[in-house]
Amino acid sequence: DETGMPYLETATLATVSAGDRLPAEGLGDPVYLVIDDSDAFSNYAISSICTHLGCTVAWEPTTQEFACPCHGSKFDADGQNIKGPAHQPLERVTVIVKDDEVRLVDRVPEEVV
């Protein structure tokens, strides 16, 4: 999580809802863990680093968007850019759950089996 402690799948899923985005630390840059429509952790997290100039985006639950405070870029709930100046989506990081701990791994999400 943001304090360096691991998210525990069972305890965390008891307190979140589908569509939530949870801030987390891990492989360097902060990310947002994705709670999918089945109230489970998605197999990917979304980078919080704007693809325009590297500012840190914030999740805005009321609009269900990521917003960059520096230059006004906006990204949808899946990290796809919807308003410039950013022209690329937010990067993704693979998420796995092992021994009830939610972990970030250095692989693209499509490679998870």
Side-chain angles (χ1 to χ4, degrees):
D1 65 16
E2 292 177 292
T3 65
M5 298 300 296
Y7 277 108
L8 300 178
E9 180 185 38
T10 307
T12 303
L13 291 178
T15 65
V16 298
S17 300
D20 283 351
R21 303 295 187 260
L22 307 175
E25 298 287 334
L27 297 172
D29 294 327
V31 299
Y32 286 91
L33 299 171
V34 175
I35 306 302
D36 65 23
D37 291 337
S38 62
D39 290 330
F41 283 98
S42 181
N43 71 339
Y44 66 90
I46 299 170
S47 172
S48 68
I49 304 304
C50 182
T51 54
H52 175 233
L53 291 177
C55 297
T56 302
V57 301
W59 171 246
E60 299 191 4
T62 55
T63 59
Q64 295 286 292
E65 296 176 338
F66 293 97
C68 180
C70 299
H71 301 105
S73 291
K74 299 248 182 203
F75 304 86
D76 70 13
D78 292 319
Q80 297 299 313
N81 55 309
I82 54 176
K83 180 181 177 220
H87 295 291
Q88 299 294 320
L90 297 172
E91 293 185 19
R92 291 184 173 186
V93 175
T94 298
V95 172
I96 61 169
V97 178
K98 185 174 182 181
D99 300 327
D100 200 44
E101 289 185 2
V102 179
R103 301 176 185 195
L104 303 175
V105 294
D106 195 14
R107 291 193 305 243
V108 293
E110 292 75 23
E111 292 180 5
V112 176
V113 289

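Nothing fancy with the numbering, it's 1 onward along the sequence.
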Report task. Output, in order, the C-alpha distance, side-chain angles, deciding distance and verdict of disulfide bond (SG atoms under 2.5 Å apart) for Cys55 and Cys70. Result -> CA-CA 7 Å; Cys55 297; Cys70 299; 2.2 Å; yes
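- Here the closest non-hydrogen pair linking Ala77 and Arg21 is O-NH2, 2.8 Å.
- Remark: Val16 engages Thr12, Leu13, Asp20, Leu22, Ile35 in a side-chain contact (heavy atoms from CB on, under 4.5 Å) (not counting sequence neighbours).
- Between the side chain of Asp78 and the backbone N or O of Gln80 there is no donor-acceptor pair closer than 3.5 Å.
- The heavy-atom pair separating Asn81 from Pro89 by the smallest distance is OD1-N, 3.6 Å.
- Here the shortest heavy-atom pairing between Gly79 and Phe66 reads N-CE1, 4.3 Å.
- Counting all heavy atoms, side chain and backbone alike, Ser73 lies closest to His52 at OG-CB, 4.4 Å.
- Environment of CD in Glu91: sparse, with no more than 12 heavy atoms of neighbouring residues, nucleotides or ligands closer than 6.0 Å.
- Under a cut-off of 6.0 angstrom, the local environment of CD in Gln88 is sparse, with at most 12 non-hydrogen atoms contributed by other residues, nucleotides or ligands.
- Atom CG of Asp76 sits about 5.5 Å away from atom CD1 of Ile82, to the nearest 0.5 Å.
- The side chain to side chain contact (heavy atoms under 4.5 Å, CB included) test with Tyr44 is passed by exactly one of Thr94, Val31, Val34: Val34.
- Atom OG of Ser47 sits about 11.5 Å away from atom CZ of Arg92, to the nearest 0.5 Å.
- Applying the side-chain contact (heavy atoms from CB on, under 4.5 Å) rule to Leu53 yields the partners His71; only residues at least two apart in sequence or on another chain are considered.
- Nearest approach of Ala24 to Tyr7, heavy atoms of both residues: CB-CE1, 3.9 Å.
- At least one side-chain heavy atom of Glu101 sits under 4.5 Å from a side-chain heavy atom of Leu8.
- Annotation for Ala86 and Phe75: closest pair CB-CZ, 3.6 Å, computed over non-hydrogen atoms.
- Side-chain contact between Val97 and Val102 is present, with heavy atoms from C-beta onward closer than 4.5 Å.
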Query - Step-by-step side chain to side chain contact (heavy atoms under 4.5 Å, CB included) determination, Thr56 to Asp29 - result: CA-CA 9 Å; Thr56 302; Asp29 294 327; over 6 Å; no
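- Taking hydrophobic clusters as Ile, Leu, Val, Met, Phe, Trp and Tyr residues chained together by side-chain heavy-atom distances below 4.5 Å, Val57 does not share a cluster with Ile49.
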